[in-house]
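First the structure, in the form of structure tokens, and then the observations on it.
Lettering follows sequence order; numbering is per chain, from 1.
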Amino acid sequence: MSPAATARAAVRPVGVVSVAQTKSVRREDHRNEVEMLMPIVTEVFANIGVTKLDMGFVCSGSTDYLVGAPFSFVMALDAVGVWPPMRESHVEMDGAWALYEAWTLLQEGEIDTALVYSFGRSSPSQLDRILALQLDPYYMAPMWPDPVALAALQAQALIDTGKATEKDFAVVAARSRRDALGNPNAQVAKDQSPDELLRDDYVVAPLRRHALPPITDGVVAVVLAAEDRARDLCDRPAWITGIDHRIEAHALGARDLAQSPSTRAAAQGAGVFDASDAVHVDVAELHAPFAHQELILREALGLADSVAVNPSGGALAANALMVAGLLRIVEAATRIMDGSAGSAIAHATSGPCLQQNLVCALAAEPSGPTGKGA
Amino acid sequence: MAERCAVIGVGQTKHAAKREDVSIAGLVREAAGRALEDAGLDWADIDAVVIGKAPDMFEGVMMPELYLASALGAVGKPMLRVHTAGSVGGSTAIVAAHLVASGRHERVLTVAFEKQSDSDAMWALSVPQPFSAPLLAGAGGFFAPIIRAYMRRSGAPDHIGILVAVKDRLQALKNPYAHLHIEDISFDMVKDSIMLWDPVRYLETCPSSDGAAAMVLVSERVAESSTSSRPPAWIHGMAMRSEPTMFAGRDQVNPQAGLDCAADVYHQAGITEPRRQIDVAEVYVPFSWFEPMWLENLGFADQGDGWKLTESGATALDGGDIPWNCSGGVLSSNPIGASGMLRFLEVAMQVRGQAGEHQVENVRTALGHAYGGGSQFFAMWVLGADKP
């Protein structure tokens, strides 16, 4: 998988200048999607003293199947209140891809700001049923394979390569939930050793309870700004030095599930590798809903052991569908904006067994960590 | 500064009530393959794929682009899925065009589809929601009161909608891809058809169709070296606008988002007199009365006068000075997610001179329009034969 022809024009510096998120919870009983979004949209503007009138574009990501209603993004748009009418669009994807669409538009130079948000209230749904409807409607969906079973096939494929063991999955889960203790927005945070976790029962072998993501309700919002506008709005923007995404075949039998070539190609497109194929970043926020997927992603990205992976706890600590990918960008950007990191990569995934992947490189300087940009 | 972008390939399916001969993948591939052939390109030449459709419940497949990645040759490439209600076909083309305009890609395949026969759109539109009045009557029930408000406001006589319904079906007879080919369509046939949502009769409403549309959008460099037998259709302007579904200050008959979107796209394209400067338009008219309403909203007629243009025959392919929906429009083919893209695609065909029997002579400038939701989401583009 080689990078497609991209980026003929010089990349215009665009940065994350404000972020806001709900505390991730197992079940948000008292507020619908609009009611969850409204305070977050208010907060993401208030952080930098702007209003919706300052936004050149609005883009959101969500899926109707979580809400159980067609056009669910239409209702959600009331959280912004697009009056006077605004330039606005929506992707039926994780919010990370909405951010990509907004970033693309900002490249043209006609607008300087954009609001990006996504919402995912997973709790009212039967996720095993609706995610089965994401599969090939003729050859797979009629058998109703659930997402945990599909992830287990992938985990077993990884074990079969000899590159990882069930213990490695437990190490990922233990580290993620322990790191989540430092994240006030995380849903699942606890300090347990891998050996303790290995006493869990299997949900679907070889995946035990700890290797699965929680079911989460949450929303997230981001403001992007370009060049001087970003510097005006934020002392230390998290500059997007590169961003790209790739999709793989849907049919699981057509893929090597133990690898993620689309993540690697997206990372190449985002310009994260140096001449010796290494990645120099302080932090990586990887959207790995199942513990074994972090191991596959680490290999695809060639991450050194020195990189702090998922200091937020990652998707094992909070996994609101359609939100968790954009949340990785938010968590990575937060660490750059607060000065605790100089560079980061954020990753988002969609589809069964890491079918589609996005990589976003962020840095405290628009030229990027290695000074070469994307 | 945005890069120039042009359409060098178009493809669509034969639209029909039920395309039982193809799967969803077969349907989109039929349109996409034709677009690539028209462009003189192969699947491998494409840098990125942007796909759009209306709600996933219309087929009962969640995020079907995941399953369609292989069928659309997207494996190993970036793929985006747009959903902006009924305007989605237009919005999808615009998102794809921005991938070129931003300098990100040089050859983008954009596709939109709906396979309504796989599910039931009326059901999908009417899922009960907490604290919301159930719609139950589909889109027609929503728009009928807005049409009635237009009739009262403009004083339009009752038969205007019938004229539009007849005109678009007559034009559809010249489009081999159109779903409805009603050979003996007449004023009386429409007038005598059953009243569905007063004032909208059965033959004044759009059909439910299976169908897909696809276009190849390219950079200036690729357009100028294209081996396509047809000239490129250059994008002179593109715009999107959204407004809320409901609040007290909203005019649903003449929505501000439509006015703003038109003003934006006209400004980009240097259009100050739409009726004089635009040679042909494909405008999203799912219910007959939306032709006079959009004539006003798009600035082809003064407020209250849209129906007079329709009545005068100005919008007819045969003899009109501003032919609208020469393809037969949404009233003749309505694969919902693709309906907006078909408007955008049909004007590309007109500019490139490939519209066959429904071709308007000497088209230099054309307007494609789509709207969705409760008349609240708008997408438009202006194409031209000359490089902007």
Side-chain angles (χ1 to χ4, degrees), chain A residues 1-2 4-9 32 58 63-65 68-71 73-75 77-78 81-93 97 100-101 104-105 107-110 130-131 133-138 141 244-251 254 261-262 265 350-352 355-356, chain B residues 1-3 23-24 47-48 54-70 74-85 91 95 98-99 101-107 118 124-125 127 129-130 219 239-245 247 249 256-257 260-261 373 376-377:
Chain A
M1 206 173 275
S2 61
T6 56
R8 291 177 301 117
N32 67 17
V58 176
T63 176
D64 283 347
Y65 266 90
F71 306 116
F73 65 91
V74 177
M75 165 187 74
L77 194 54
D78 282 344
V82 283
W83 190 264
M86 295 180 75
R87 194 169 175 175
E88 184 268 339
S89 190
H90 171 261
V91 292
E92 195 82 353
M93 307 177 84
W97 278 267
Y100 177 84
E101 183 182 331
T104 303
L105 207 55
Q107 291 304 308
E108 289 175 39
E110 281 157 29
I130 66 161
L131 287 171
L133 293 174
Q134 208 180 51
L135 305 169
D136 181 323
Y138 307 101
D244 208 348
H245 59 101
R246 292 288 188 279
I247 195 164
E248 295 178 38
H250 182 68
S262 59
S350 176
Q355 187 192 345
Q356 187 175 22
Chain B
M1 188 62 199
E3 307 274 329
S23 62
I24 295 172
D47 299 333
D56 292 355
M57 290 172 183
F58 283 4
E59 285 81 13
V61 185
M62 179 188 185
M63 300 162 71
E65 63 282 0
L66 294 167
Y67 137 73
L68 293 170
S70 295
V75 170
K77 298 171 184 172
M79 188 177 196
L80 281 170
R81 157 70 194 288
V82 180
H83 176 21
T84 62
S91 311
V95 172
H98 279 301
L99 292 182
S102 65
R104 188 72 178 157
H105 296 297
E106 291 211 82
R107 299 170 197 82
D118 276 18
L125 285 169
V127 181
Q129 286 296 299
S219 66
M240 290 163 64
R241 286 294 186 283
S242 306
E243 67 182 50
T245 313
F247 78 101
Q256 189 64 42
D260 291 0
C261 193
Q376 68 191 113
F377 300 112

Could you grab the distance from atom CD of A:E108 to atom OG of B:S102, nearest 0.5 Å is fine?
5.5 Å
Between A:A141 and chain B, with a heavy-atom cut-off of 4.5 Å, which part of the residue counts as in contact: side chain, backbone, both or neither?
neither
Top contributor to chain B contacts, counting heavy-atom pairs under 4.5 Å, from A:L135, A:L105, A:N32
A:L105
Please report the shortest heavy-atom distance between A:Y65 and B:G60, naming the atom on each side.
OH-CA, 3.1 Å
Between B:E243 and A:W83, the two heavy atoms sitting closest are OE1-CZ3, 3.5 Å
When rounded to the nearest 0.5 angstrom, what is the spacing between CD in A:E88 and OG1 in B:T84?
8.0 Å
Value for CD (A:E248) from NZ (B:K77), rounded to nearest 0.5 Å, stands at 14.5 Å
Treating B:E59 as the side-chain partner and A:P137 as the backbone partner, does any N or O pair qualify as donor plus acceptor under 3.5 Å?
no
If you count heavy-atom pairs under 4.5 Å between each of B:A69, B:S23, B:G249, B:C261 and chain A, which one has the most?
B:S23
Quick one: pull up NE2 in B:H98 and CD in A:E101 and give me the separation to the nearest 0.5 Å.
8.0 Å
Closest heavy-atom pair, A:A69 versus B:M57, reported as atoms and distance to 0.1 Å, is N-CE, 3.3 Å
Is B:R81 reaching over with its side chain to a backbone N or O of A:V91, donor-acceptor style, under 3.5 angstrom?
no
Between B:A85, B:S91, B:G373, who has the most heavy-atom pairs with chain A when the cutoff is under 4.5 Å?
B:A85
Separation of B:M62 CE from A:I130 CD1 (nearest 0.5 Å):
4.5 Å
Contact class of B:P244 relative to chain A, heavy atoms under 4.5 angstrom:
both
Can you see which heavy atom on B:R241 is nearest to which on A:R87, and at what distance?
CD-N, 4.0 Å
Where does B:S70 contact chain A at under 4.5 Å (heavy atoms): side chain, backbone, both or neither?
side chain
Let me know if A:Q134 has heavy atoms under 4.5 Å from chain B in its side chain, its backbone, both or neither.
both
Looking at B:M79 and A:I247, what are the two nearest heavy atoms and their distance?
SD-CD1, 3.8 Å
In terms of heavy-atom pairs under 4.5 Å with chain B, the winner among A:A251, A:P352, A:S89 is A:S89
Could you report the tightest heavy-atom contact between A:H90 and B:H83, atom names first, then the distance?
ND1-O, 2.8 Å
Evaluate side-chain contact (heavy atoms from CB on, under 4.5 Å) for B:V61 paired with A:Y138, printing each intermediate quantity in order.
CA-CA 10 Å; B:V61 185; A:Y138 307 101; over 6 Å; no
What's the spacing between B:F377 CZ and A:F71 CZ if we round to 0.5 Å?
9.0 Å
Heavy-atom proximity to chain B below 4.5 Å, by part of A:D64
both
Among B:L68, B:T245, B:L99, single out the residue with the greatest number of heavy-atom pairs under 4.5 Å to chain A.
B:L99
Give, as side chain, backbone, both or neither, the part of B:I24 having an atom under 4.5 angstrom from any heavy atom of chain A.
both
Which portion of B:D56 sits near chain A, non-hydrogen atoms under 4.5 angstrom
both
Could you check whether any side-chain heavy atom of A:H245 comes within less than 4.5 Å of a side-chain heavy atom of B:L80, counting everything from C-beta outward?
yes
Judged by atom type as modelled, is there a donor-acceptor pair below 3.5 Å linking the side chain of A:Q355 to the main-chain atoms of B:L66?
yes
